[in-house]
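Only one structure is covered here, and it is reproduced in the block below.
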Amino acid sequence: MMNASVSIQNLDFAFGEGELQKQILFDVSLEIQAGEIVLLTGPSGSGKTTLLTLIGALRSAQSGSLSVLGHELAGATTEQLVAARRKIGYIFQAHNLLKFLTAQQNVEMSLELHPDLTKAERSRRAAEILDAVGLDDRKHYFPDSLSGGQKQRVAIARALAARPQLILADEPTAALDGKTGRTIVDMLKTLAKEQGCPILMVTHDNRVLDIADRIVHMEDGRLVRS
Amino acid sequence: MFGFISLAWLQLTHEKTRLLTALAGVAFACILMFLQFGFQDALFDSATLVERKMNADLVLISKKSEAFFAMKSFARRSLYQTLQHKEVAQVMPMYVGLGPWKNPWNGRTRSLLVMGFNPEVSVLDLPGIAENLDFLKQSDTVLFDRNSRAEFGDVPAALGKGTAVSAEVNQRRVDVKGLFTLGASFAADGTIVTSDLNFLRIFKDHRQEAIHVGIIKLQPGTNPLVIKNLLQREMPEDVRVLTQAEFVQFEKEYWETGTAIGFIFSLGVAMGFVVGMVIAYQILHSDVANHLAEYATLKAMGYTDRFLIGVVAQESFLLSAIGYVPGILISWGLYELTKQATFLPMEITFGRAALVLFLTFGMCLASGVLAMRKLRQADPADIF
Ligand SMILES: Nc1ncnc2c1ncn2[C@@H]1O[C@H](COP(=O)(O)OP(=O)(O)OP(=O)(O)O)[C@@H](O)[C@H]1O
Ligand SMILES: [Mg+2]
């Protein structure tokens with residue numbers, strides 16, 4: 001319990017204020033242990049992405065308790081949110097790579113935030129992780145000259161390079177064909193297991209459910225055991 | 001491997017055509033500002049050159065005078081009256097008028113500025129005056145400004161070849177005996193200098209007692225301001241006493257405020273500034289707008305708003321710095337061209353280079369600040 005990477009208790013969340021307020025999450029409680037791979041499924045509009053942005057410190061929670069990697073995020077200030085973000089690796093549906101930077105430079109952007117690394121270490125670490133995702137010959141390509149799957153692999157490399165303590169992924173395979181999607185997810189699993197890093201992944205893709213240690217299901221803003 | 005200077009640099013230089021457009025825009029704004037400032041200063045410099053080079057501690061002018069090319073006259077006796085003060089060392093009357101000059105080669109007539117003063121004393125500190133003063137002691141002789149516009153005829157070349165040149169001024173035949181250097185100004189396209197007596201021969205109807213400028217030299221060590229106040233009290237209603245600096249200011253003020261010229265140039269500078277700002281804003285705003293998702297991703301990774309604001313600020317800084325370089329180089333070329341074509345004194349002084357650099361920074365920074373507002377829309381919560 002003490003060592004859970006993510007610990008959520010009785011979290012409610014609503015968009016908007018006053019009359020227009022619309023509650024999305026109801027009494028959500030969830031724990032993710034270090035090294036655990038948890039998949040989050042559920043119908044469209046059920047609140048999966050919303051929960052992910054709250055755990056990822058991208059939005060601030062108003063009520064309940066939300067502890068992520070030792071940071072209490074309910075009612076946190078912007079500075080506290082930014083500090084938590086630096087320990088998390090995000091993988092989005094769109095790769096969101098900076099197109100004026102090469103693959104190598106994009107990965108280094110996430111290492112720039114870690115001042116304890118020297119320049120040489122940063123570039124070596126970026127090169128290693130690009131090798132690991134199978135892009136050893138594409139390091140100096142700009143995103144525009146990479147395929148969709150290659151771009152997503154750069155995004156994974158970027159998320160993992162800084163050795164995050166938690167990975168959040170929202171439908172990372174949605175824009176990819178089945179085979180590429182499978183490769184990406186396997187790669188993500190291997191790398192995360194190596195680093196002992198827990199993963200919370202939203203997915204609609206039934207073919208990748210087998211990588212999960214645990215699957216949680218969301219319906220109308222509530223978590224239901226599946 | 002790269003701090004955020006180079007992040008801004010990489011973003012700015014990634015698309016070469018867009019970079020070139022941006023540079024051309026900023027450089028264009030620089031050039032516009034340089035030319036406006038250049039013309040304005042050239043106008044003020046050339047319009048006040050005679051006043052600045054006048055060998056005077058104090059000058060008397062008529063209260064009704066507005067500018068040097070259209071001086072109203074006042075009584076010569078007022079000037080001589082000042083000699084009763086022991087501090088006044090010397091006084092010299094000067095006559096100024098515009099008269100038609102007939103080009104000796106093609107017979108075309110064009111008006112130029114005629115100045116007349118006693119050739120015993122060198123009243124104007126311009127190159128070519130002092131050494132040629134003796135010529136003016138003969139009747140119907142003049143000195144010609146070598147930088148007068150070409151329409152007056154190529155007098156310098158003819159004199160250089162040793163040919164005698166005579167022309168008609170106000171329908172009186174005069175011999176050009178030498179050259180001096182003044183330069184065309186916005187008021188006069190050309191200038192000749194002659195003796196007071198010759199001036200009165202050229203302008204037959206002008207009375208000797210009616211002078212246009214009274215030049216006063218004081219004894220060494222006298223404070224001009226003290227004497228100025230003293231003299232002003234005894235002068236008749238229609239005479240003003242000015243120090244030399246005030247005389248320069250008097251002329252400058254005419255061009256600055258008495259005409260629309262000062263306003264027009266300021267408007268020109270403002271237009272350059274606005275054009276540059278709009279172009280820089282276009283570039284910076286579209287950089288932010290096209291990269292909202294990427295910027296939001298950076299925020300999700302833990303980059304702060306300050307970092308992103310810094311990137312945009314760096315971009316605007318780089319934009320102004322690299323746009324300024326071609327801007328000042330092309331301006332320099334245009335200044336040289338203008339100088340050759342018009343003899344206007346156009347120089348890129350350090351002060352002006354710094355001022356335009358400062359304005360260019362301000363211009364790009366202002367558009368950067370406008371573009372930064374768009375950064376707020378980069379919300380990391382929206383990108384999942
Ligand atoms: N910024 C917002 N402001 C207001 N309402 C929002 C906002 N973002 C999402 N919602 C609403 O919250 C609800 C849950 O949205 P969410 O994106 O979390 O669903 P989801 O489970 O991720 O769905 P999908 O599987 O389609 O991605 C939806 O009804 C949506 O309309
Ligand atoms: Mg979603």
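A quick note: this is a predicted structure, and the numbers were derived from the prediction, not measured.
Residue contact with chain B, scored on non-hydrogen atoms closer than 4.5 Å, is absent for Ile88(A). For Ile91(A), the part lying near chain B is the backbone, with the side chain staying farther off; criterion is any non-hydrogen pair under 4.5 Å. Of the two parts of Lys99(A), the backbone and the side chain both hold a non-hydrogen atom closer than 4.5 Å to a non-hydrogen atom of chain B. Residue contact with chain B, scored on non-hydrogen atoms closer than 4.5 Å, involves the backbone of Leu97(A) exclusively.
Asp382(B) contributes atom CG, which lies 11.0 Å from atom OG1 of Thr49(A) (distance to the nearest 0.5 angstrom). Between atom OG1 of residue Thr304(B) and atom CZ of residue Arg86(A) there is a gap of 6.5 Å, rounded to the nearest 0.5 Å.
Residues satisfying the ring-ring contact (aromatic ring centres under 6.0 Å, His included) criterion with Phe26(A), sequence neighbours excluded, are absent altogether.
In this structure the side chain of Arg158(A) reaches within 4.5 angstrom of the side chain of Thr297(B), judged on heavy atoms. Looking only at side-chain heavy atoms (C-beta outward), Phe100(A) and Leu7(B) come within less than 4.5 Å of each other. Between Leu98(A) and Gln11(B) the shortest side-chain heavy-atom distance does not fall below 4.5 Å.
For the residue pair Gly302(B) and Val82(A), the shortest heavy atom distance occurs at O-CG1, 3.3 Å. Nearest heavy-atom pair, Leu58(A) versus Ala381(B), reported as atom, atom and distance to 0.1 Å: O-CB, 3.6 Å. Residues Tyr90(A) and Ala300(B) share a closest heavy-atom pair of CE1-O, 2.8 Å.
Listed by sequence position, the residues of residues 17-30 of chain B in contact with chain A number zero, using a 4.5 angstrom heavy-atom cutoff. Residues from residues 267-296 of chain B that place a non-hydrogen atom less than 4.5 Å from a non-hydrogen atom of chain A comprise His291(B), Ala293(B), Glu294(B), given in numerical order.
Remark: Glu17(A) CD is loosely packed, at most 12 non-hydrogen atoms of other residues, nucleotides or ligands lying under 6.0 Å away. No more than 12 heavy atoms of other residues, nucleotides or ligands sit less than 6.0 Å from atom CG of Asp220(A). In Phe15(A), the CZ atom is crowded: over 12 heavy atoms of neighbouring residues, nucleotides or ligands sit closer than 6.0 Å.
Screening residues 262-284 of chain B for salt bridge (charged side-chain N to carboxylate O under 4.0 Å, His left out) gives no qualifying pairs among residues at least two apart or on separate chains.
Between chain A and the residues Glu15(B), His14(B), Lys299(B), the most heavy-atom pairs under 4.5 angstrom are made by His14(B).
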